[in-house]
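Below: one structure, written as structure tokens.
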Amino acid sequence: MKGTNASMQDQKKFQSNETRLKKIDHFKETYWLNHANHADRADITDQNYPQPACVTIDMSSPNIGKLMSLNHIRSTITGHALQNIYQYAGYKTVTINHKGDTGDYLTLLVFAIQTWGDEVTIEKCPLRAFTRLLRKFHEEVDLNPELEDQIYYVSQQLAKEDSAAAKILADIYKQSNQAFDGIYNRFNVHFDLNRYESAYLDQAEAWIDKMVAKGIAEADEETVTLSLEQYDLPLGLLKNGQPLYLARDIVSATDTAKKYQSDLNLYVVGNEQTTHFNQVVASLDKYTDVDAAEFIHDALGYTAVLGKRYFNLKHEIKDIHDLLAKLEAELRGKSRDFTFLNTDDQIAKIASNSLIYALLNQKRLAGIDLDFDTMVDEKGATALHITKTYHLLLAELGETASSNTGDVSESFKQAIYQAYMADEPYYIAQYLNILCQEVDKYPPVMTTDIQLALNEFNLAFRLLGLEMTV
């Protein structure tokens with residue numbers, strides 16, 4: 001650890017974002033040349049590169065007891081595509097899901113379940129029920145402020161493992177995780193590591209204590225702050241009663257880098273967290289022994305559906321289940337026109353693909369307002385269009401068609417390279433759009449050309465996390 005009087009060497013140690021990105025680009029480009037798609041390169045062997053580079057991907061991160069938001073969904077889908085792209089490039093990937101469970105809202109939820117739980121038993125989705133109960137609490141406490149006094153008693157009960165309150169809390173975690181897993185399974189997303197933010201509280205507390213003892217962080221009653229002025233960043237709030245987001249992210253990032261000996265660490269979260277991420281990187285660079293240049297913020301723009309940026313129980317589309325159900329209904333109305341929409345399972349897969357494609361067919365920083373008519377337009381840049389084109393090509397080859405990923409064109413490899421270098425699955429989606437337009441305008445007649453196109457569809461589907469329908 002270093003003191004607050006930073007030397008010139010300390011100040012130079014912190015690299016600007018531009019310098020960090022150049023270093024990252026050089027590493028990625030070199031690695032791509034040596035590893036990507038090396039199965040078809042005779043000069044690359046496992047003996048030449050026995051240890052693949054490791055990239056961790058921190059993504060999704062929903063909150064226990066709350067609806068999974070549109071931002072969480074977009075982070076999940078983007079992170080999954082990046083995982084596939086990096087695997088294609090020869091990396092070992094580690095996907096991480098840090099679930100939010102800090103703050104006092106879970107105590108409030110336990111109290112709400114104890115008090116009004118019977119009122120929301122009609123909800124099939126536990127996350128909807130929990131959301132409704134939290135809203136009920138805030139409405140009631142405005143009318144009856146004395147309810148706040150009862151929260152302290154609940155918090156005391158939660159400290160006792162065998163208490164009724166503790167059992168309710170455990171059930172909140174269980175039901176939340178089951179609901180999250182149902183959503184992840186729908187998109188074929190799996191995580192190598194699932195952890196709760198609260199798991200880092202003790203580590204964060206110890207790190208904060210060290211920073212205060214060394215005179216680096218400043219303590220004022222229950223608040224601890226960290227000056228990052230030399231990096232032109234606002235004051236970092238480490239603690240306010242308990243360790244806060246910044247401190248938890250610093251220790252979790254350090255833990256991840258050391259545990260996995262990672263070469264790159266991607267954080268797939270909203271653009272609104274840019275300042276926070278820069279505070280984390282600056283703190284890692286100055287006050288830890290990990291390489292801060294390995295941390296990348298793959299920022300996401302806003303996501304909305306029918307003009308609404310948030311799921312809300314008062315909206316037509318209340319959660320991800322409503323969104324997918326609406327897509328399924330739209331597709332079911334088109335089922336007579338397509339043989340690949342004959343069964344409920346096929347419709348469900350195309351609905352999932354439609355959402356995935358709509359989110360990946362824009363650059364990460366683009367704001368997206370999902371519209372159902374657009375998402376199922378059979379002539380537009382949609383999953384329905386590319387599936388239709390894929391099945392037309394399959395029909396041309398009949399039983400001789402191969403569903404395996406074979407040779408692909410250099411232009412497609414270049415699109416994958418662009419997606420990899422920029423962490424932008426968009427480039428692969430755009431290639432599919434162009435491929436569909438070319439097939440529509442100039443249908444291939446040579447068997448080799450048709451199979452090449454099918455190979456590119458197969459690989460693009462796999463990289464984007466789309467599920468094939470047959």
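It should be emphasised that the depicted structure is a prediction, and the values quoted were computed from it without experimental measurement.
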Worksheet entry | The single option from T56, V290, T256, L266 passing side-chain contact (heavy atoms from CB on, under 4.5 Å) against F295 | V290
Practice prompt. Find the distance between CG (N433) and OG1 (T389) and round it off to the nearest 0.5 Å.
Written response: 10.0 Å
Worksheet item: What do you reckon, are the aromatic ring centroids of Y91 and Y31 less than 6.0 Å apart?
Response: yes
Response to the item:
Taken to the nearest 0.5 Å, the spacing of Q178 CD from L127 CG works out to 10.5 Å
Residues 67-75, side-chain donor-acceptor partners within the protein, below 3.5 Å, at least two apart:
from: S69; atom 1: OG; to: N71; atom 2: N; distance (Å): 3.3
from: S69; atom 1: OG; to: H72; atom 2: N; distance (Å): 3.1
from: S69; atom 1: OG; to: H72; atom 2: ND1; distance (Å): 3.0
from: H72; atom 1: ND1; to: S69; atom 2: N; distance (Å): 3.0
from: H72; atom 1: NE2; to: S61; atom 2: O; distance (Å): 3.2
from: R74; atom 1: NH1; to: G301; atom 2: O; distance (Å): 3.1
from: R74; atom 1: NH1; to: Y302; atom 2: O; distance (Å): 3.0
from: R74; atom 1: NH1; to: T303; atom 2: OG1; distance (Å): 3.3
from: R74; atom 1: NH1; to: A366; atom 2: O; distance (Å): 3.1
from: R74; atom 1: NH2; to: K363; atom 2: O; distance (Å): 3.3
from: R74; atom 1: NH2; to: R364; atom 2: O; distance (Å): 3.0
from: R74; atom 1: NH2; to: A366; atom 2: O; distance (Å): 3.0
from: S75; atom 1: OG; to: S60; atom 2: N; distance (Å): 2.8
from: S75; atom 1: OG; to: V268; atom 2: O; distance (Å): 2.6

Worksheet item: Is the CD atom of Q87 crowded by more than 12 outside heavy atoms at less than 6.0 Å?
Response: yes
Worksheet item: Has the side chain of T382 got a donor or acceptor atom that lies under 3.5 Å from a matching backbone atom of D377?
Response: yes
Worksheet item: Any donor and acceptor pair, going by atom type alone, linking the side chain of R462 with main-chain N or O of N84 inside 3.5 Å?
Response: no
Worksheet entry | Side chain Q346, main chain T343, donor-acceptor under 3.5 Å | yes
Worksheet entry | Contact summary for L226 and S283, nearest pair of heavy atoms | CD2-OG, 3.6 Å
Worksheet item: For the atom pair CD1 (I347) and CG (L324), what is the distance rounded to the nearest 0.5 Å?
Response: 13.5 Å
Fill in: side chain to side chain donor-acceptor pair (under 3.5 Å): pairs with one or both residues in residues 160-174, sequence neighbours excluded
D101-Y173, D171-Q175
Worksheet entry | Test of ring centre spacing under 6.0 Å for F191 and Y184 | yes
Discussion item. I'd like to know if E330 and K334 make a salt bridge, using a cut-off of under 4.0 Å between side-chain N and carboxylate O.
Written reply: no
Discussion item. Could you check whether any side-chain N or O of T95 sits under 3.5 Å from a backbone N or O of H190, counting only pairs where one atom can act as donor and the other as acceptor?
Written reply: yes
Fill in: Minimum heavy-atom distance E294-D263, with the two atoms named
CG-O, 3.2 Å
Worksheet item: Hey, mind stepping through K23 and D291 against side chain to side chain contact (heavy atoms under 4.5 Å, CB included) and telling me if it holds?
Response: CA-CA 12 Å; K23 180 179 178 180; D291 187 353; 3.1 Å; yes
Worksheet entry | Taking every non-hydrogen atom, the tightest pair across L233 and N278 | CD1-O, 3.5 Å
Discussion item. Does atom NZ (K308) have a neighbourhood of more than 12 heavy atoms from anything else shown, all under 6.0 Å?
Written reply: no
Response to the item:
Rounded to the nearest 0.5 angstrom, the CZ-CG distance for F461 and L432 is 6.5 Å
Item to complete: Any chance you could lay out the side chain to side chain contact (heavy atoms under 4.5 Å, CB included) test for I113 and F130, step after step, and finish with the verdict?
Response: CA-CA 8 Å; I113 291 173; F130 297 153; 4.0 Å; yes
Worksheet item: Which heavy atom of S176 sits nearest a heavy atom of I64, and at what distance?
Response: OG-CG2, 3.8 Å
Discussion item. Using a 3.5 Å distance criterion without hydrogens, assess whether the side chain of S335 forms a donor-acceptor pair with backbone atoms of L331.
Written reply: no
Practice prompt. Examine distances only and state if a side-chain atom of D369 and a backbone atom of G307 form a donor-acceptor pair shorter than 3.5 Å.
Written response: yes
Worksheet entry | Derivation of the side chain to side chain contact (heavy atoms under 4.5 Å, CB included) call for L82 and T78 | CA-CA 6 Å; L82 290 174; T78 304; 4.2 Å; yes
Worksheet item: Does the Q430 side chain pair with the main chain of Y426, one donor and one acceptor, at a distance under 3.5 Å?
Response: no
Worksheet, complete the sentence: From the list L360, I386, L459, side-chain contact (heavy atoms from CB on, under 4.5 Å) with L464 holds only for L360
Item to complete: Start with the C-alpha gap between Q418 and Y431, add the side-chain angles, then the distance that decides, and say whether side-chain hydrogen bond (donor to acceptor under 3.5 Å, both in side chains) holds.
Response: CA-CA 11 Å; Q418 285 181 287; Y431 186 90; over 6 Å; no
Discussion item. If I compare all heavy atoms of M59 with all of H80, which pair ends up nearest, and what's the gap?
Written reply: CE-N, 3.6 Å
Worksheet item: How far does CG of L246 sit from OG1 of T275, to the nearest 0.5 angstrom?
Response: 11.5 Å
Worksheet item: Do H98 and Y200 have ring centres separated by under 6.0 Å?
Response: yes
Fill in: Within 6.0 angstrom of E146 CD, more than 12 heavy atoms from elsewhere
yes
Worksheet item: What pair of heavy atoms forms the shortest contact from F311 to I317, and how long is it?
Response: CD2-O, 3.7 Å
Practice prompt. Just do the side chain to side chain contact (heavy atoms under 4.5 Å, CB included) check on D249 and H276 with the steps written out, would you?
Written response: CA-CA 10 Å; D249 272 8; H276 168 78; 2.8 Å; yes
Discussion item. Pair D423, K28 - check salt bridge (Lys or Arg N to Asp or Glu O under 4.0 Å), show working.
Written reply: CA-CA 11 Å; D423 288 354; K28 291 176 70 173; 3.0 Å; yes
Worksheet item: Can K99 be said to sit on top of F180's aromatic six-ring, NZ or CZ under 6.0 Å from centre and within 45° of the ring axis?
Response: no
Worksheet item: Do side-chain atoms of N342 reach the backbone of T339 as a donor and acceptor pair under 3.5 angstrom?
Response: yes
Discussion item. Could you check whether any side-chain N or O of H315 sits under 3.5 Å from a backbone N or O of Y310, counting only pairs where one atom can act as donor and the other as acceptor?
Written reply: yes
Fill in: Stepwise salt bridge (Lys or Arg N to Asp or Glu O under 4.0 Å) check, D322 with R128
CA-CA 12 Å; D322 278 356; R128 282 194 189 187; 2.8 Å; yes
Practice prompt. Say whether D255 and S252, considering side chains only, have a donor N or O and an acceptor N or O under 3.5 Å apart.
Written response: no
Worksheet item: Are more than 12 heavy atoms from other residues, nucleotides or ligands located less than 6.0 Å from atom CD of E139?
Response: yes
Worksheet item: Can you check salt bridge (Lys or Arg N to Asp or Glu O under 4.0 Å) on D337 and K388, steps first, answer last?
Response: CA-CA 10 Å; D337 301 327; K388 179 184 75 171; over 6 Å; no
Practice prompt. Please state whether the rings of Y267 and F277 are parallel, tilted or perpendicular, taking 30° and 60° as the class boundaries.
Written response: tilted
Worksheet item: Would you say the side-chain atoms of E140 pair up with the backbone N or O of F137, donor to acceptor, closer than 3.5 Å?
Response: no
Practice prompt. Could you grab the distance from atom CD of Q150 to atom CD of Q114, nearest 0.5 Å is fine?
Written response: 9.5 Å
Item to complete: Under the salt bridge (Lys or Arg N to Asp or Glu O under 4.0 Å) rule, what do E272 and R309 come out as? Steps first, then yes or no, please.
Response: CA-CA 14 Å; E272 69 278 1; R309 293 197 187 189; over 6 Å; no
